[in-house]
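Chain letters run A, B, ... following the sequence lines, proteins first and then strands; every chain starts at 1. The structure displayed is predicted, hence computed values, not measured ones.
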Amino acid sequence: MRIAVVADGEGGGWLQELGRARPERVGDLAAAVGAREAAAGLPPRWVWAAWEDLYPDLVRAGVRVRRCHDAALTEALLLGHAGRHGEPRSLGAAWARLHHLPVPEDPVRRAGEGAHAQPALFEADRSTLPPGTDRLAALVGVHADQNRRLADLPDSGGLRLLAAVESAGGLAAAEMSHDGLPLRPDVHDRLLTELLGPRPVAGQRPRVLADLAARIGQSLGQEVNPDSPSQVLRALAGAGHPVPSTRSWVLQEVDHPAAPLLLRYKELARLHSANGWAWSEQWVSRRPGPDGTRLGRFHPDYVVAGVVSGRWATRGGGGLQVPKALLGAVRADPGWVLVRADAGQLEPRVLAAVSGDRALAEAAAEDDLYARLAVHVGGDRDRAKIGMLAAMYGQTTGDAAPLLATMRRLFPRALEHVDSAARTGENGGTVRSWLGRTSPRPHDLPEGPEGERARRAQGRFTRNFVVQATAAEWASVLLAALRTRLADLDPALPEGAGVVFFVHDEVVLHVPAERADAAVQAVAEAERETRELLFPSSPVRFPLVTSVSDERTHI
DNA sequence: AGGGTTTGCCAC
DNA sequence: AAACGTGGCAAACCCT
């Protein structure tokens with residue numbers, strides 16, 4: 001059963017079971033959705049314009065759903081597949097195209113609005129439909145059209161699966177943003193204080209950074225703002241050490257006492273500005289824990305498929321990177337555990353699976369693919385890894401050149417797969433992931449050396465796209481499968497338990513300690529389901545490294 | 001003062 | 001060792 005749903009902006013809305021004639025007006029949308037979700041039998045697939053408009057409010061109201069069709073995410077996939085990447089995807093835009101009317105731009109979404117904004121009662125019509133349009137009818141019409149377009153594709157199964165798991169990704173994104181990654185504000189503050197000194201008044205340099213800046217100035221014989229690359233370049237040149245830039249690997253080679261100070265300064269300044277006290281105040285919510293402790297949650301604002309390859313992005317908060325220096329603050333609540341599952345070497349495994357290269361697949365049946373590769377390449381694991389990455393990224397210079405020749409000989413089908421994608425890109429064509437996500441069309445390129453450079457760059461992009469985009473959909477399928485498994489656990493997990501963080505090839509779950517085994521098992525089963533769904537006949541394995549940590553240990 | 005661009009770092 | 005894919009972001013820089 002599919003039920004289309006739109007909100008009225010006042011806490012109520014309209015529902016329409018597809019295939020039935022009459023829409024239904026409800027005064028309390030969350031209650032109505034919750035009731036139908038809880039009814040016996042297979043839960044409905046909710047059809048809505050865009051998860052950001054409805055689902056965060058449902059989650060805030062304590063309602064979670066199992067399945068949905070996200071019209072905006074699906075529209076973007078279909079547009080991309082048709083070579084129309086980047087055209088507006090909102091319900092209003094899809095409806096306008098369907099009726100040959102002027103197509104409105106997509107609404108701009110503010111950072112944080114999907115995360116921990118205040119309850120908004122399904123605020124504002126973000127659909128971009130013309131005023132007065134019957135939004136429910138428009139949604140039903142666009143949904144039907146999308147299903148037709150999906151069915152009309154030569155291989156519709158792939159993109160249909162992708163649309164379904166990406167829609168589920170929207171559900172997971174709202175739930176993860178709401179629940180948040182457990183992060184202890186007190187531990188975070190202690191780590192910062194140990195590294196930077198006590199928290200300074202706003203706008204001031206922390207003590208350790210101020211000391212470093214002073215020592216840098218002394219050793220260079222002039223006052224220097226270490227945050228200013230041009231000042232640092234000038235001062236180093238004045239001290240007899242001209243360098244082309246202040247990048248860290250350049251500074252590492254400089255034989256002057258200021259160099260290590262500058263490197264240390266840059267490292268700590270980065271921590272302070274990107275994940276310091278201000279970041280914590282903006283992105284980490286706080287609530288009282290047991291025994292007077294403070295518990296916190298990091299609430300990234302996910303953008304599902306926000307990257308051309310289908311990877312997720314975030315708006316604000318640097319959500320796709322918890323720096324290693326701060327991992328110590330990521331702690332389970334007392335009595336709970338964090339389960340972290342990391343898909344190691346995902347991209348070379350994906351390449352092995354999609355290319356059907358037997359030798360690479362054989363290596364990818366091992367836990368450590370690179371170690372196995374090393375045996376072929378001549379014993380050096382690091383060199384094997386460099387060669388593999390060079391093949392997937394299109395590196396041609398430096399160490400990579402001779403390795404690539406070896407790779408081409410040992411793994412001909414894998415290399416032909418990425419080489420062919422690169423040729424397509426260089427010739428201005430588009431490529432597709434395993435499930436059908438399509439790379440954007442390149443801009444028209446000028447003749448001459450500049451165009452040649454751009455063509456090669458486009459080739460590296462499409463070369464990488466076929467791997468990265470397929471890896472991203474592997475992760476999407478895993479996330480959707482895991483979400484379903486966790487919802488099926490019996491007894492059910494308590495509110496707020498489940499997947500709390502997701503980044504490219506890694507998920508973090510937060511569950512009561514007594515459910516740790518069940519969570520680990522759910523991850524393993526989700527991996528198996530993902531593999532069987534995507535690559536049923538491939539020997540390639542996708543081992544997940546799983547670790548469990550309690551409130552005393554970090555992930 | 002404010003907006004757009006550059007630099008350099010972080011993550012996968 | 002450093003130019004090889006996808007991003008976010010802060011501060012400096014450069015312009016109006």
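Atom OH in Y265(A) sits about 12 Å away from atom C1' in dA12(C), given to the nearest Å. Taking atom NE2 on H504(A) and atom P on dG8(C), their separation rounds to 10 Å, with Å as the unit. Taking atom CD of Q231(A) as the reference point, atom C1' of dG8(B) lies 16 Å away to the nearest angstrom. Going from atom CH2 of W277(A) over to atom C1' of dA10(C) covers 16 Å, rounded to whole Å. Rounded to an integer number of Å, the gap from CD of Q252(A) to C1' of dC9(B) is 13 Å. Distance Q395(A) CD to dA2(C) C1': 9 Å, rounded to the nearest Å. When rounded to the nearest whole Å, the span between CZ of F461(A) and P of dG7(C) equals 7 Å. Here dA12(C) presents its C1' atom at 8 Å from CG of D227(A), a figure rounded to the nearest Å.
Looking at heavy-atom distances under 4.0 Å, S309(A) makes no contact with the nucleic acid at all. Among the protein residues, V308(A) comes within range of the sugar-phosphate backbone only, with heavy atoms under 4.0 Å from sugar or phosphate atoms but none that close to a base.
Side-chain proximity of T314(A) to dG8(C), dT6(C), dC9(B): nearest is dG8(C). Side-chain proximity of R270(A) to the nucleotides dC10(B), dC12(B), dG5(C) is greatest for dC10(B). The nucleotide whose nearest atom lies closest to any side-chain atom of R311(A) is, among dG8(B), dC12(B), dG7(C), dC12(B). With dG8(B), dG5(C), dA11(C) as the candidates, the nucleotide lying closest to the side chain of N464(A) is dG5(C). When each of dG5(C), dC9(B), dG7(C) is scored by its nearest atom to the side-chain atoms of R460(A), the top-ranked nucleotide is dG5(C). The side chain of V503(A) sits closest to dC12(B) out of dG5(C), dC12(B), dA2(C). In this structure, the nucleotide among dG7(C), dA11(C), dC12(B) sitting nearest to the side chain of V307(A) is dG7(C).
Proximity of the aromatic rings of W474(A) and F535(A) is defined here by a centroid distance below 6.0 angstrom, and this criterion is not met. The distance between the ring centers of W279(A) and H188(A) falls below 6.0 angstrom. When ring centroids are compared, Y302(A) and W312(A) come within the 6.0 Å threshold. A ring-centre distance under 6.0 Å is not found for H510(A) and F501(A).
Annotation for R383(A): atom CZ does not count as buried by contact number, only 12 or fewer foreign heavy atoms lying within 6.0 Å. The number of heavy-atom neighbours closer than 6.0 Å to NZ of K385(A), taken from other residues, nucleotides and ligands shown, is 12 or below.
Taking only side-chain nitrogens and oxygens, S230(A) comes nearer than 4.0 Å to OP1 or OP2 of dC13(C). The phosphate of dA12(C) (OP1 or OP2) has a side-chain N or O of N225(A) nearer than 4.0 angstrom.
Within the shown strands, nothing qualifies as a pairing partner of dA3(C) under the Watson-Crick or G-U definition with both distances less than 3.5 Å.
At a cut-off of 3.5 Å, with distance as the only test, no side-chain donor of Q458(A) or N427(A) sits close to an acceptor on the other residue. Looking only at atom types and distance, the side chain of H85(A) has no donor-acceptor partner in the side chain of T438(A) under 3.5 Å away.
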Inset, instruction - Report, as a single string ordered 5' to 3', how protein heavy atoms within less than 4.0 Å touch nucleotides 2-7 of chain B: B base, S sugar-phosphate only, - not at all. - result: -----S
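For W249(A) and dA2(C), the ring-to-base geometry satisfies the stacking test (centroid distance below 5.5 Å, interplanar angle below 30°).
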